[in-house]
Amino acid sequence: MSNEVARVAMPAQNPKVRRGNFSEVALGYTEEMALEEAGRCLNCRKPQCVLGCPVEVDIPGFIGKIKERDFDGAAKNLKSKNSLPAICGRVCPQESQCEAQCILLKAKKEPIAVGRLERFIADWEMARGVEMPPKPESKGKKVAVLGAGPAGLTAAGDLAKAGYEVKIFESLHVPGGVLMYGIPEFRLPKAIVQKEIDYIKALGVDVECNVIGGKTLLVDDLFEMGYQAVFIGTGAGLPYFMNNPGENLTGVYSANEFLTRSNLMKAYNFPDSLTPIKMGKKVAVIGGGNVAMDAARTALRLGAEESWIIYRRTAAEMPARAEEVEHAEEEGVGFKMLTSPVEFLGNEDMVLTSMRCQKYELGEPDDSGRRRPVPIEGAIEEIPIDTVVIAIGQGANALITGTTPGLDITKYGNIVADEATGQTSREGVFAGGDIVTGAATVILAMGAGKLAARAIDEFLSK
Ligand code: FAD
Ligand code: SF4
């Protein structure tokens, strides 16, 4: 097989069919497809792809095993570095991580589909039953983890593998963080997330839900309970609002509430699930990131006749992954650019009926390097609408930082932690993921969890 062969496309559900269901959009490689794609890898002597992976997956190593049809060996290789490969293979922004470093790009060829191969191996292993690594020798020490998102799960898994007694305390009634409550079923099936959480538990990690760190359980309580180190991975779950007049009208949601009702509380399955969503026929989602794409595509599946992305810059500045934008377009999501609401209007029952929008043009680049949206004077448009979902970002909540003396935070409320170790200003307290960086990605959160686990091991081994 040679790398002259084009990158193997991912089979997917037909857009017209999938916009009416919550089943997974991307269907995964067959064995033949995986072998063909793996055959394109050059096994570079100094593989750059590995440097692009925050959890240090031995990419040429596991792809090499696929080439040999040793899927079992590929799974072992993958799992030695990444405890959540089925998740990463589905939602990692590979195009800006490992795949962005692939040497084939330099030759103006498409990079190896590392994520698709990772997903293939993880699914293959799940279908056959996951093999556990050998039980480590106990270190006789206890570590507590606050938050069961990708950062917390990774830190906990790596610490358990190193022989620590680890317990995760999670505020929601299920572990998984954004993987469970944010990213929709059609992109990341919850049964897959559950299986990877079960793997972490099988490593020996204990998980207790319905515990609110910083409120029902303080960081200082944990040390009194005998934990010798604490990892905080509580994410960025606090939704930002626009502070426009009318934002409290019925029919205006934060993306967090909208997606949590749909994913975690299974509103799409109402009345079999007990939490419905009041859905209109014409939906506007404000924002241009992955969260906005997820909300707009969810709205269509919940029965909206029209679902619009309203974004104040242009498509070129949208932060969402290209594949997500493409999928949204294929499913019929509309895009209204250089536009943003300044007021929401409702009827006498305080129910949303329309929004007044300001039109913009692009000016000079701002600090982020993207061209700044500049309002066009007097260009105001009123758009009839019955549901608005605000997806303009989210930040850290202050529950833990407000009740943990000596824990330094940034002006945005994020915990200050060393990039290489996760060490905070409090001895024995480490942090990583969105609570440190602000809203970022699954793999960056996992990378931070991995580094912190290593640093906690060093700290407790002193
Ligand atoms: P989280 O996943 O937020 O997990 C934090 C956990 O801590 C949660 O379970 C929370 O309930 C719990 N918690 C919070 N406060 C407390 C407390 N006080 N006590 C105890 N527990 C607490 N990234 C990608 O790479 N690809 C994508 O496609 C993608 N899509 C996304 C779509 C949506 C809708 C959203 C919202 C985000 C998306 N992201 C995506 C971003 C990614 O999910 C996050 O960057 C990642 O989940 C951060 O991991 P984390 O572990 O730091 O935090
Ligand atoms: Fe294979 Fe690309 Fe990594 Fe080279 S850089 S080893 S071609 S995945």
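Bear in mind the structure is a predicted one, so any value in this text is a computation, not a measurement. Worth knowing before you read on, the calculation uses all heavy atoms, side chains too, and leaves out hydrogens, waters and symmetry mates. Atoms within each ligand, like the ligands themselves, are counted from 1 in listed order.
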* To do: Run the contact test for G214 against ligand 1 with a 4.0 Å cut-off on heavy atoms, strictly below, and give the result.
  => no
* Asked: Does ligand 1 have an atom that lies less than 4.0 angstrom from a heavy atom of A439?
  -> no
* To do: Could you tell me whether ligand 1 has any atom less than 4.0 Å away from a heavy atom of G237?
  => no
* To do: Would you mind checking if K139 and D457 are paired as a salt bridge, meaning a charged N to carboxylate O distance below 4.0 Å?
  => yes
* Asked: Do V442 and ligand 1 have an N or O pair less than 3.5 Å apart?
  -> yes
* Any N/O of R321 closer than 3.5 Å to an N/O of ligand 1? -> no
* **R187 N/O to ligand 1 N/O under 3.5 Å** => yes
* Has ligand 1 got any nitrogen or oxygen that is less than 3.5 angstrom from a nitrogen or oxygen of E170? -> yes
* To do: Applying salt bridge (charged side-chain N to carboxylate O under 4.0 Å, His left out) between E331 and each of K16, R19, R18, report the one that passes.
  => R18
* Could an N or O of ligand 1 be found under 3.5 Å from any N or O of L146, whether backbone or side chain? -> no
* **Whether V211 lies under 4.0 Å from ligand 1, heavy atom** => yes
* Asked: Taking N or O atoms only and a 3.5 Å limit, does Q394 qualify as a polar contact for ligand 1?
  -> no
